[in-house]
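In what follows, a structure is listed as structure tokens, so that the remarks can point back to it.
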Amino acid sequence: MDKNDITKTLDRLVETSKDGEFGFQTCAEHAKDPALRQSFLTRAADCRQAASELQSVIRTLGGTPEDGGTASGAMHRGWVAVKGTLAGYTDLALLEEAERGEDVALGAYRKALKEDLPADIRMLVQRQADGAQRNHDQIRALRDQARTMKA
């Protein structure tokens, strides 16, 4: 795998991380529960840190990293706003949408890990994929808890 291919793969992960950051930030802005709001803000910061790490590697490889999210991520954020308006920005609706966003992130990381990445970059991507899995699992647990409280 040449540097250009590695850079393209990492750029896709930067975009995914930025999508996560923006998505979690949007959810935090509308969350009613202060603890949930803080959880979303923490996840947004984690995604921002992941993007920064990836951008640094891209620069080291001589590339110019992406600094924004994807078009589908922008649509996702727009969908969060529309769904929130229709659902009254319930915490449960925000958690369901956040989980869907994390499903997309996990898919992006799994795809990247199928690439023939250099060992040091693979370790970074694997660490971030593990973090995305933890985010997903925590969001799912919060979603399940919210569903139980709603019932």
- [ ] State which residues pass side chain to side chain donor-acceptor pair (under 3.5 Å) with D130; sequence neighbours excluded, sorted by chain then number.
- [x] Q126
Open item on the list: Once salt bridge (Lys or Arg N to Asp or Glu O under 4.0 Å) is applied, do any residues pair with E21, and if so which ones, sequence neighbours excluded?
Closed with: K18, R48
Open item on the list: I need the I139 CD1 to D144 CG distance, nearest 0.5 Å.
Closed with: 11.5 Å
Task: Rounded distance (nearest 0.5 Å) linking atom CZ of R140 with atom CG of N135 - done: 13.0 Å
Open item on the list: Tell me every residue that passes side chain to side chain donor-acceptor pair (under 3.5 Å) with T9, counting only those two or more places apart in sequence or in another chain.
Closed with: R12
Task: Spatial distance of atom CE (M123) from atom CG (L117) [nearest 0.5 Å] - done: 12.5 Å
TODO: Rounded to the nearest 0.5 Å, what's the gap from SG on C27 to CG on D91? Could you check?
DONE: 9.5 Å
Task: Distance (rounded to the nearest 0.5 Å) between R43 CZ and D46 CG - done: 6.5 Å
Open item on the list: Give me the atom names and distance for the closest heavy-atom approach of A51 to V14.
Closed with: O-CG2, 4.1 Å
Open item on the list: Show, in sequence, the C-alpha distance, side-chain angles and deciding distance for L124 and L54, and conclude whether the side chain to side chain contact (heavy atoms under 4.5 Å, CB included) test is met.
Closed with: CA-CA 8 Å; L124 170 65; L54 293 164; 4.0 Å; yes
Side-chain polar contacts of residues 105-115 - donor-acceptor pairs under 3.5 angstrom, sequence neighbours left out - could you list them?
from: Y109; atom 1: OH; to: S17; atom 2: OG; distance (Å): 3.4
from: Y109; atom 1: OH; to: Q128; atom 2: OE1; distance (Å): 2.7
from: R110; atom 1: NH2; to: Q133; atom 2: OE1; distance (Å): 3.4

TODO: State, with a plain yes or no, whether a side-chain heavy atom of L94 is found less than 4.5 Å away from one of F24.
DONE: no
Open item on the list: Return the OG1 to CD distance between T16 and E102, rounded to the nearest 0.5 Å.
Closed with: 10.0 Å
- [ ] Using salt bridge (Lys or Arg N to Asp or Glu O under 4.0 Å) as the criterion, list what pairs up with R127, not counting sequence neighbours.
- [x] E53
Open item on the list: Just to verify, what does R143 make a salt bridge (Lys or Arg N to Asp or Glu O under 4.0 Å) with, not counting sequence neighbours?
Closed with: E99
TODO: Give the cluster check for M1 versus L61: same hydrophobic cluster or not, with ILVMFWY residues linked at side-chain heavy-atom distances below 4.5 Å.
DONE: yes
Open item on the list: What I'd like to find out is whether the side chain of Q138 reaches to under 4.5 Å of the side chain of S39, using heavy atoms alone.
Closed with: no
Task: Minimum heavy-atom distance between A146 and L92, given as atom pair plus value - done: CB-CD1, 4.0 Å
- [ ] Locate the shortest heavy-atom distance separating D33 from L36; write the atom from each residue and the value.
- [x] OD2-N, 2.8 Å
Open item on the list: So if I apply the side chain to side chain contact (heavy atoms under 4.5 Å, CB included) rule between V57 and each of T7, L10, L13, I6, which one comes out positive?
Closed with: L10
